[in-house]
Asks: 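Below is one structure. I have some questions about it.
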Protein chains: 2
Amino acid sequence: MEKELDDRKWTILKAIIKTYLETGEPVGSRTISKFPDLNLSSATIRNEMSDLEELGLILQPHTSSGRIPSDAGYRLYVDRMLAEKDAEVEKMKSAMVQKEAVLIERQDKMELLLKSVVRYLAVNTNYATMITSPQYHRTKLKFIQLSVIDEGQILATVVAEGNVVKNRVIHMEHGLNHDMVLEMNILLNSRLNGLTIEEINLGTIARLKEEAGIHSNLISEVLDAVADAISREEDVEVYTSGATNIFKYPELSSDTEKASGLIGAFEEKHPLLTLLGEKETSGNGIQVTIGRELNNEDMKDCSVVTASYDMGGGIYGKIGIVGPKRMDYDKVVGILKEVTDQLDRIYGKSGSSNTDQIGQGPGDNAY
Amino acid sequence: MEKELDDRKWTILKAIIKTYLETGEPVGSRTISKFPDLNLSSATIRNEMSDLEELGLILQPHTSSGRIPSDAGYRLYVDRMLAEKDAEVEKMKSAMVQKEAVLIERQDKMELLLKSVVRYLAVNTNYATMITSPQYHRTKLKFIQLSVIDEGQILATVVAEGNVVKNRVIHMEHGLNHDMVLEMNILLNSRLNGLTIEEINLGTIARLKEEAGIHSNLISEVLDAVADAISREEDVEVYTSGATNIFKYPELSSDTEKASGLIGAFEEKHPLLTLLGEKETSGNGIQVTIGRELNNEDMKDCSVVTASYDMGGGIYGKIGIVGPKRMDYDKVVGILKEVTDQLDRIYGKSGSSNTDQIGQGPGDNAY
DNA sequence: GTTAGCACTCCAATAAAACGAGTGCTAACA
DNA sequence: TGTTAGCACTCGTTTTATTGGAGTGCTAAC
């Protein structure tokens, strides 16, 4: 006969997981029997534990040791917790007061802001954290400015909504004069103005080239460079903080091999992006991925909590927090909610008041 | 009577250090007695070792274990090695052929170049490496371009020698019109053009403000922003790679505490800059700092080799390699020489041919 | 269905023993 | 006087044994 997860089993499972989150040690029946809301002897607990194990929610590291949660156990726990949180939020929404933004005073530069956020998270959670710079696919172009540096080189400055600025030096084969540059300026701005970066695709560029007619060759070069500057994928940066926090959790750091692999993963942009990007945003935008669900041998003992922030105008990015499987999901989800809310509020649609100075990114100063 | 370091002692010291560099284990007299250029019994070696210990060049981790080099021992070894290297280079200079630049094909972006260099070093040395983005104090200004974004905001684009580009959005209290901006453009360019960033100090700015007269208030704001954009210290970036290489050296990683501290140091910009900046460039520009010489408790078991690269036009930066005290100094110095030579040659004065696309840095794309 | 009791398991911590690389010293030798 | 063989001794490392204790599963009684 199939066992099933009744109320009492769920209470016991919660007790086991909560205790394990705190201690990191396998938890035994006696410990649970002392739990306030339960009033059962250790023997009874043992029987229930045996059932929970049969259900695949907990497991024994070795015969006759206490139990630890299995990935499935964590999963259940996290899902129920997230559901609860959502309900809570729903209920509070009406009564919500604009809290003072303690964490983030407006900062002039996106880069600094992101770095400060990621550090804030690392310090307050004691886990390893990361954040991507915003991606701008849906951002609208404000204007393009071409300036002559000298014969043979021109500087293209592209400004988009949110004062996102990109620069690119274009090296020309043929000489050029100011009039031609002026003409191109007008052409570019009249045709591209107001389009989103997504919309300025190869087709648009091709059409522009055709229209250009006479200086076709020359314009072609410029357009290619501008298109390139606008749409570069590799612009995405990932900032990390608190990678060394993993040393605080013996199950991650006692094995040097493992620790090295983990820290190594934090050095590389690509694996981090994979980690953040795999799952699409859904629901309230907070995702928890546990252990082997990550499909990453180095991280099989870790969990990752990801969230998205949305600054409006098509500017959005992702945040990730990496810790041991026994991370304090509750706290992490809470803090992430807080932070993304603040980001959304301060810079986002709702806030509306301001977008100046945003998006200066790694290049308020473009060396 | 004072013992002194005769030829034989030096040979033995070299043998000890070389062996220790390879193995990382204290080396005993018997091992050394088997050395090819030496033809002595272990007993004799023991006597000599005793003398070397008295001279402070080697030491015993505990009674009746083999010897390991002391900081002073390393120092002597490194200094003599560097001297030899210098002589070699001097001798080869005349016969020097322009080697093909295998390592570094011209890359469009400084940031990518630096990242690739620092990774190259990490992979090839197996140590942790870092490199600063260039600093531009002696760089000459090419031009400043102010553009109107909308009423209330203007974009200042500053271009310096080597096509170093910086952007800054300036938020204005008072409205402004195109004519005023045009006027300011002319004023700025006529006065600042050709000056180095060092020369555009507060004095120059103050004088400009005075001359401006009428729109003094408005110009003042713009000038402050431009001055700020030009001279920001915080622009210096540090790229690192291979931090996890330290896990390859048990003396650095066996103690979790220590490993954590070291990796942590690599997460922070500031300590790294301190590490790189403390010593001024001198001689051929390669510096070795050993153990406690670093004045950093976390790094007391490390050595750091630093070098400078000079791309001409006042654009220069630093490279640092961090490893255990028993790092392969010889190899590291060699590789560093190669890399800095290539950087100097490709972009530097001698190369002369080109400086385009340089210095796009973290902000060819200034978000 | 719950609980007390008890034998059993297995990890972790501690202690004891065996090992071995390397030294310092002494005495003999060229 | 410098070099070498020999030997007792030191001290960290590794191996093996011993013990302790937390926790289980099962049985029998309530």
Side-chain angles (χ1 to χ4, degrees), chain A residues 1 3-13 15-17 19-20 22-35 37-70 73 250-251 254-255, chain B residues 1 3-13 15-17 19-20 22-35 37-70 73 250-251 254-255:
Chain A
M1 195 186 87
K3 298 268 168 46
E4 76 177 66
L5 190 76
D6 57 30
D7 243 30
R8 194 170 75 176
K9 284 189 176 46
W10 170 238
T11 311
I12 293 175
L13 179 61
I16 294 174
I17 295 184
T19 311
Y20 185 69
E22 276 170 29
T23 65
E25 306 270 293
V27 355
S29 53
R30 240 180 87 73
T31 314
I32 298 304
S33 76
K34 283 181 200 139
F35 239 70
D37 1 358
L38 255 20
N39 224 355
L40 299 166
S41 74
S42 61
T44 311
I45 303 288
R46 276 202 291 282
N47 291 332
E48 294 288 46
M49 278 178 160
S50 181
D51 291 351
L52 285 170
E53 188 162 6
E54 216 170 299
L55 286 166
L57 297 172
I58 56 178
L59 44 84
Q60 280 181 300
H62 53 86
T63 333
S64 84
S65 86
R67 306 306 212 285
I68 63 175
S70 69
E251 66 264 46
S254 61
D255 176 10
Chain B
M1 194 187 85
K3 297 269 166 48
E4 77 177 68
L5 188 75
D6 57 30
D7 244 28
R8 194 170 74 176
K9 283 189 177 44
W10 171 238
T11 311
I12 293 175
L13 180 61
I16 294 174
I17 295 185
T19 311
Y20 185 69
E22 278 170 29
T23 64
E25 306 271 290
V27 356
S29 54
R30 241 178 86 73
T31 312
I32 298 303
S33 76
K34 284 180 200 141
F35 239 70
D37 0 356
L38 255 21
N39 223 356
L40 299 166
S41 73
S42 61
T44 311
I45 302 290
R46 277 203 289 283
N47 291 331
E48 294 288 47
M49 278 179 159
S50 180
D51 291 352
L52 284 171
E53 188 162 7
E54 216 170 301
L55 287 165
L57 298 172
I58 55 178
L59 44 83
Q60 282 182 298
H62 54 86
T63 334
S64 86
S65 86
R67 306 306 213 285
I68 65 176
S70 70
E251 66 265 47
S254 60
D255 176 10

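Note on naming: letters A, B, ... go to the chains in the order of the sequence lines (proteins, then strands), and numbering restarts at 1 for each one.
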Asks: Verify the distance criterion only: is there a donor paired with an acceptor across the side chains of B/R30 and B/S42 at less than 3.5 Å?
Replies: no
Asks: Counting side-chain heavy atoms from CB outward, which of C/dT3, C/dT9, D/dT24 is closest to A/L40?
Replies: C/dT3
Asks: When we call it a touch if two heavy atoms are under 4.0 Å apart, what does B/S29 touch: a base, just sugar-phosphate, or nothing?
Replies: sugar-phosphate
Asks: Measure from CZ on A/R8 to P on C/dG1 and round the result to the nearest Å.
Replies: 9 Å
Asks: Nearest whole angstrom, please: distance from the P of C/dA21 to the CZ of B/R30.
Replies: 9 Å
Asks: Tell which nucleotide pairs with D/dA29, taking only Watson-Crick or G-U wobble pairs whose two distances are both under 3.5 angstrom.
Replies: C/dT2
Asks: Give the nucleotide from the list C/dT23, C/dT2, D/dC11 with an atom nearest to the side chain of B/R67.
Replies: C/dT23
Asks: For atom CG of B/N39, decide whether the heavy atoms of other residues, nucleotides or ligands shown that lie under 6.0 angstrom number more than 12.
Replies: no
Asks: Rounded to whole angstrom units, what separation is found between the CG atom of A/N39 and the P atom of C/dG1?
Replies: 19 Å
Asks: Given C/dG22, D/dG12, D/dT24, which nucleotide is nearest the side-chain atoms of B/S64?
Replies: C/dG22
Asks: Using a 4.0 Å heavy-atom cut-off across all strands, classify B/S65 as base, sugar-phosphate, or nothing.
Replies: sugar-phosphate
Asks: Report the distance from atom NZ of B/K34 to atom C1' of C/dA21, rounded to the nearest whole Å.
Replies: 11 Å
Asks: Could you point out which residue of A/R8, A/R67, A/K9 forms a salt bridge (charged side-chain N to carboxylate O under 4.0 Å, His left out) with A/D51?
Replies: A/K9
Asks: To the side chain of B/N47, which of C/dT2, D/dT4, D/dT24 is closest?
Replies: D/dT4
Asks: Mind checking who C/dG22 pairs with, Watson-Crick or G-U wobble, both distances under 3.5 Å?
Replies: D/dC9
Asks: From C-beta outward on B/A43, which listed nucleotide comes closest to its side chain: C/dT23, C/dT3, D/dT4?
Replies: D/dT4
Asks: I need the A/L5 CG to A/L52 CG distance, nearest 0.5 Å.
Replies: 6.5 Å
Asks: Would you indicate which nucleotide in D/dG25, C/dT2, C/dT23 comes nearest to any side-chain atom of A/Q60?
Replies: D/dG25
Asks: Taking the side chain of B/T63 as its heavy atoms from C-beta onward, which of C/dT3, C/dT23, D/dC11 lies nearest to it?
Replies: D/dC11
Asks: Test your reading of the model: is there a side-chain donor-acceptor pair from B/S254 to the backbone of B/P250, 3.5 Å cut-off?
Replies: yes
Asks: Tell me the interatomic distance from A/I45, atom CD1, to D/dT24, atom P, rounded to whole angstroms.
Replies: 10 Å
Asks: Ignoring the backbone of A/M49, work out which of C/dC11, D/dT24, D/dT3 is nearest its side chain.
Replies: D/dT24
Asks: Whether B/T44 contacts D/dT4 is assessed here as follows: a side-chain N or O lying under 4.0 Å from the phosphate OP1 or OP2. Is that the case?
Replies: yes
Asks: Using whole Å, report how far NE2 of A/H62 lies from P of D/dG21.
Replies: 17 Å
Asks: Can you check the B/I32 CD1 to D/dT3 P distance for me, whole Å?
Replies: 17 Å
Asks: For A/R46, does its backbone N or O pair with a side-chain atom of A/S50 as donor and acceptor, under 3.5 Å?
Replies: no
Asks: For C/dA17, give the paired nucleotide (Watson-Crick: N1-N3 plus N6-O4 or O6-N4; G-U: N1-O2 and O6-N3; both under 3.5 Å), or none.
Replies: D/dT14
Asks: Of B/R46 and B/P61, whose closest DNA chain D nucleotide lies nearer the 5' terminus?
Replies: B/R46
Asks: Find the distance B/E25:CD to C/dT23:P and express it as a whole number of Å.
Replies: 14 Å
